[in-house]
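Reading through the structure tokens given below for one structure.
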Amino acid sequence: MDNFFHRVYKIVAKIPKGKVATYGQIASILGHPKGARTVGWAMQSAPSHLNLPCHRVVNRLGEMAPEHIFGDKRYQQALLEIEGVTFKEDGCIDMKKHQWIMDDEEFL
DNA sequence: CATTTGACTTTGA
DNA sequence: TTCAAAGCCAAAT
């Protein structure tokens, strides 16, 4: 059974405020180092009732999801800014400072 | 069952 | 960091 999706939701729900995680990072944690795309697919299929902070999940470049996900990139960017995430002039997140580093305790 | 598509990553230049 | 090409995974057609 595809616990993978459930895992993804679990991880995403654990992303601390003001931090962001990459698809590949989450996939790697779950044991699918090459399943970055699958994580994205999980997000696409992510039910709303889980209240997943998908705005904290970005690609490795710090770029946010396309417009057709939230409606506008600025929306996701605004949410992250509110949480304390800083953006560069390019509109990308400063991954070096805000990339979420998982603690051993988080690995449940 | 084969092909295409997609919220991606990695490697090399 | 950016450009181009290949790779990998799951769902849709």
Side-chain angles (χ1 to χ4, degrees):
Chain A
M1 63 193 210
D2 34 48
N3 288 24
F4 185 72
F5 281 42
H6 192 250
R7 300 283 185 178
V8 173
Y9 304 145
K10 204 79 177 270
I11 297 293
V12 173
K14 288 180 177 185
I15 300 175
K17 195 175 180 187
K19 294 261 180 167
V20 294
T22 65
Y23 299 98
Q25 181 178 2
I26 295 171
S28 181
I29 292 169
L30 300 179
H32 286 256
K34 310 302 182 186
R37 305 199 65 118
T38 311
V39 175
W41 195 260
M43 293 282 96
Q44 183 182 47
S45 187
S48 307
H49 63 79
L50 295 176
N51 291 330
L52 294 179
C54 41
H55 56 268
R56 294 181 191 153
V57 182
V58 296
N59 59 19
R60 71 178 185 87
L61 301 175
E63 281 274 349
M64 51 221 89
E67 306 80 70
H68 61 268
I69 303 297
F70 288 89
D72 281 318
K73 285 185 186 171
R74 298 163 305 177
Y75 176 64
Q76 182 177 5
Q77 183 173 343
L79 288 174
L80 291 169
E81 285 183 325
I82 290 169
E83 297 192 347
V85 176
T86 58
F87 283 75
K88 299 194 305 182
E89 299 79 12
D90 301 59
C92 301
I93 299 173
D94 201 336
M95 299 300 292
K96 201 72 177 197
K97 298 175 181 171
H98 293 291
Q99 186 166 15
W100 177 41
I101 300 175
M102 211 179 186
D103 296 332
D104 300 338
E105 308 173 21
E106 304 279 4
F107 200 105
L108 181 55

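Note on naming: letters A, B, ... go to the chains in the order of the sequence lines (proteins, then strands), and numbering restarts at 1 for each one.
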Tell me which nucleotide among [options] gets nearest to the side chain of [X].
X       : options              : result
A/Thr38 : B/dA7, B/dT10, C/dC9 : C/dC9
A/Asn59 : B/dC8, B/dA7, C/dA11 : B/dC8
A/Asp90 : C/dA10, C/dT2, B/dC8 : C/dT2

Roughly, in whole Å, what's the span from [atom1] in [X] to [atom2] in [N]?
X       : N      : atom1 : atom2 : result
A/His6  : C/dA10 : NE2   : P     : 17 Å
A/Ile26 : C/dC9  : CD1   : P     : 17 Å
A/Lys73 : B/dA7  : NZ    : C1'   : 12 Å
A/Glu89 : C/dT2  : CD    : P     : 12 Å
A/Tyr23 : C/dA10 : OH    : P     : 17 Å
A/His32 : C/dA11 : NE2   : C1'   : 15 Å
A/Glu63 : B/dC8  : CD    : P     : 10 Å
A/Trp41 : C/dA12 : CH2   : C1'   : 6 Å

*A/Arg74 and A/Asp72 ion-paired at < 4.0 Å*: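 A/Asp72 and A/Arg74: salt-bridged.
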*Is the shortest distance from a Lys or Arg side-chain nitrogen in A/Glu83 or A/Arg56 to a carboxylate oxygen in the other one below 4.0 Å?*
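Yes, charged N to carboxylate O under 4.0 Å.
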*Given side chains that start at C-beta, do those of A/Pro16 and A/Trp100 come closer than 4.5 Å, heavy atoms only?*
yes
*Select base, sugar-phosphate, or nothing to describe what A/Ser45 touches, counting heavy atoms under 4.0 Å on all strands.*
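Answer is nothing: A/Ser45 stays at 4.0 Å or more from every strand.
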*Under a 3.5 Å cut-off for both distances, is B/dT4 Watson-Crick or wobble paired, and to whom?*
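C/dA11 - that is the nucleotide pairing with B/dT4, both distances being under 3.5 Å.
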_Tell me whether the side-chain N/O atoms of A/His68 come closer than 4.0 Å to OP1 or OP2 in B/dA7._
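Indeed, a polar side-chain atom of A/His68 lies that close.
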*Start with the C-alpha gap between A/Thr86 and A/His98, add the side-chain angles, then the distance that decides, and say whether side-chain hydrogen bond (donor to acceptor under 3.5 Å, both in side chains) holds.*
CA-CA 8 Å; A/Thr86 58; A/His98 293 291; 3.0 Å; yes
*Would you find a donor on one side and an acceptor on the other, under 3.5 Å apart, between the side chain of A/Gln77 and the backbone of A/Met64?*
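Not a single qualifying donor-acceptor pair exists.
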*asked:* Nearest heavy atom decides the nucleotide; on that basis, is A/Arg60 or A/Ala65 closer to the 5' end of DNA chain B?
replied: A/Ala65
*What about A/Arg37, does its side chain sit under 3.5 Å from the base of B/dC8 through a donor-acceptor pair?*
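Answer is yes: a donor-acceptor pair is held.
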